[in-house]
Protein chains: 2
Amino acid sequence: MSVQERKERERAGRERLIVATARELAEQQGWDAVTTRRLAERIEYSQPVLYSHFRGKREIIGAVALEGAAEMATALRAATSAAAGPRARVIALARAYLDFAARNPAVYDAMFQLDGGLAFAHEDTPEPLKDAFAALLESLGEVAGDGVHPALFTELFWAALHGLATLTRAGRLPPEDTERRTELLVDRLAML
Amino acid sequence: MSVQERKERERAGRERLIVATARELAEQQGWDAVTTRRLAERIEYSQPVLYSHFRGKREIIGAVALEGAAEMATALRAATSAAAGPRARVIALARAYLDFAARNPAVYDAMFQLDGGLAFAHEDTPEPLKDAFAALLESLGEVAGDGVHPALFTELFWAALHGLATLTRAGRLPPEDTERRTELLVDRLAML
DNA sequence: CTCGATTGTCTAGCGGTGCTAGGATCGATT
DNA sequence: AATCGATCCTAGCACCGCTAGACAATCGAG
C-alpha cells in the first residue's frame with residue numbers, strides 16, 4: 001500500500017515539476033520556446049513521459065493557466081482587502097490585475113491568449129477560473145450602480161482590464177500612461 | 001520598358017493573390033491551417049515564391065493585418081457618419097468595431113493577436129494602423145470629457161472594445177449580452 | 001529465492017512545420 | 001540566333017507535436 005502511495009507522490013511531484021518548468025521556460029524565453037523536447041530535457045526525462053501526465057502540449061498550457069488563475073485570485077483579494085473605501089478598493093483591484101499581467105506575461109498568455117483547452121462561461125469551467133472571476137465580482141459588484149447586473153458590470157470591467165493588459169504588453173499602448181488610464185477607467189466605469 | 005512594367009504588374013497581382021488567399025484560408029479554417037505549403041498550393045506556385053514576396057509567414061500575416069486595418073477604418077467611419085448626435089455616434093462606433101471583429105475573426109487576430117511583425121505606438125507604425133486609431137479618435141475625442149486628453153481616452157475606450165471583442169470570441173463572455181455591455185460601456189465611459 | 005507479469009521509461013520514427021540552397025528553365029536583349 | 005539574367009521549382013534542412021514498440025526495472029506469487 002505504502003509503495004503505491006510513494007509512487008503516486010513521486011508522480012504528482014513530477015507533474016508539478018513539468019508545470020513549473022514549462023512556466024519558467026515560458027517566462028524566460030516565451031511560449032514558442034516551450035517545445036516538448038526542450039521541456040523533456042529540462043526535467044531530465046524523455047518526451048513520452050510528458051504524455052503520461054498530459055494529453056499534449058495544450059493541457060500543459062492549461063495547467064499553467066489554472067495555476068495562474070489561482071494565484072491571480074489570491075493577488076486580487078490581497079490587494080482589495082488592504083484598501084479602505086470603494087474607490088480605493090477598485091483602484092487596487094485594477095492595479096493588481098494589470099500588475100499581475102505585466103509581471104507574469106507568459107502565465108497571462110496561457111490563461112487568455114493561448115489555447116489551453118479550457119472551457120469558459122459554461123458549467124464545466126474549471127474552479128480556479130470561476131474563482132478568479134468571483135474575486136473580481138466581490139469588489140466590483142458594490143460599484144455596479146443601480147439597476148445594473150453585477151455580473152454584467154464585472155464582465156465589462158474585466159474586458160477593459162484585459163484590453164489594457166494585452167494592448168500594453170503588445171506595445172500598442174504606451175506603458176507610461178498606465179496609471180492615468182487605470183484611474184480614468186475606475187472613475188468612469190464605477191459608480192462610487 | 002513596357003515589358004518591365006507588365007512584369008511588375010503581374011508581380012503585384014500575385015502578391016495580392018497571396019494575401020487574399022492567406023486571408024481566405026485563415027477565415028475558413030483558422031490561421032493554424034495557413035501553412036506555407038497549403039498557401040503555395042492554393043496560389044498554384046511553389047513555396048519559395050512566397051519568400052520572394054515576403055520575408056516569411058509573419059510578414060504575410062502582417063500584410064493581412066494592414067489590409068484589415070484599412071477596412072476597419074473605413075467601416076468605422078461609415079458607421080459614425082450615418083449617426084446623428086454624439087451618443088448615437090459612439091454607440092455606432094462601438095457596434096461597428098465589435099461587428100468587424102466578429103465578422104472577420106482571422107483578420108482581427110492578424111491585427112492584434114498574432115505576431116505580424118508590426119510596430120505600434122512608434123513613429124514607424126504603418127499608416128493604416130495609425131489611420132484606424134484616428135478613426136476612433138475622431139468620434140471619441142468629442143466625448144472624452146473636460147480635462148481628459150482625447151488620445152488617452154481613446155486608448156482606454158479602444159482597450160475596452162478590444163477586451164470585449166477577444167473575450168467574447170474566445171467564449172469567455174456570453175455573446176447574447178454583447179449589446180447590453182456595449183450600451184453600458186458607452187453610457188459610462190463617454191461624457192455625453 | 002526465483003520467476004513471470006506488470007509497470008515504467010526510452011529509442012526511434014512518423015508526418016508535419018517554416019525556410020533555403022542550388023539547379024533547371026524560360027524569355028528579353030544584343 | 002546566341003547569350004545571359006531573372007524566375008521558379010525540386011529537394012532538403014532542422015525543428016515541431018506526438019506515438020509505437022523495444023527494453024529495463026520492479027512487483028507479487030509460488
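A, B, ... follow the sequence lines: proteins, then strands. Residue 1 opens every chain.
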[X] side-chain N/O to [Y] backbone N/O, donor-acceptor pair under 3.5 Å:
X: Thr166(A); Y: Gly163(A); value: yes
X: Gln47(A); Y: Ala40(A); value: no
X: Arg188(A); Y: Leu189(B); value: yes
X: Thr168(B); Y: Ala165(B); value: no

Send over the distance from [X] [atom1] to [N] [atom2], rounded to a whole Å.
X: Glu10(B); N: dC26(C); atom1: CD; atom2: C1'; result: 13 Å
X: Tyr51(A); N: dA12(C); atom1: OH; atom2: C1'; result: 15 Å
X: Lys57(A); N: dT19(D); atom1: NZ; atom2: P; result: 15 Å
X: Phe54(A); N: dG17(D); atom1: CZ; atom2: P; result: 15 Å

Partners meeting ring pair (Phe, Tyr, Trp, His ring centres under 6.0 Å) with Phe112(B) (sequence neighbours left out):
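If we apply the ring pair (Phe, Tyr, Trp, His ring centres under 6.0 Å) test to Phe112(B), skipping adjacent residues, the hits are Tyr108(B), Trp158(B), His162(B).
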After noting the C-alpha distance and the side-chain angles of Arg95(A) and Glu179(A), does the key distance pass the salt bridge (charged side-chain N to carboxylate O under 4.0 Å, His left out) rule?
CA-CA 8 Å; Arg95(A) 285 207 193 110; Glu179(A) 181 57 27; 2.8 Å; yes
Of all residues at least two apart in sequence or in a different chain, which pass the side-chain contact (heavy atoms from CB on, under 4.5 Å) check with Asp177(A)?
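Per chain and number, Asp177(A) pairs via side-chain contact (heavy atoms from CB on, under 4.5 Å) with Pro174(A), Arg180(A), Arg181(A), Leu152(B).
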With the criterion being N/O to N/O and under 3.5 Å, what pairs connect the protein with nucleotides 8-10 of chain D, and how long is each?
| residue | atom | partner | partner atom | Å |
| --- | --- | --- | --- | --- |
| dC8(D) | OP1 | Arg14(B) | NH1 | 2.9 |
| dC8(D) | OP2 | Arg14(B) | NH1 | 3.3 |
| dC8(D) | OP2 | Arg14(B) | NH2 | 3.0 |
| dC9(D) | OP2 | Ser46(B) | N | 3.0 |
| dC9(D) | OP2 | Ser46(B) | OG | 2.6 |

What stems involve DNA chain C, if each pair must be Watson-Crick or G-U and both of its distances must be under 3.5 Å, with 3 or more such pairs in a row?
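For DNA chain C the paired stretches long enough to count as stems (3 pairs minimum) are C:1-30 with D:1-30.
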Run the numbers on Asp99(B) and Arg103(B) for salt bridge (charged side-chain N to carboxylate O under 4.0 Å, His left out), then give the verdict.
CA-CA 6 Å; Asp99(B) 192 61; Arg103(B) 285 187 199 277; 2.7 Å; yes
Under the rule for salt bridge (Lys or Arg N to Asp or Glu O under 4.0 Å), what residues qualify as partners of Arg77(B), not counting sequence neighbours?
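Expected list: Asp131(B), Glu138(B).
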Quick one: closest heavy-atom pair of Ala96(A) and Ala75(A), and the distance?
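Minimum heavy-atom contact is CB-O, 4.3 Å.
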Please list, by residue number, the residues of residues 32-41 of chain B whose heavy atoms come closer than 4.0 Å to an atom of DNA chain C; answer none if no residue qualifies.
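Listed by number, they are Val34(B), Thr35(B), Thr36(B), Arg37(B), Arg38(B).
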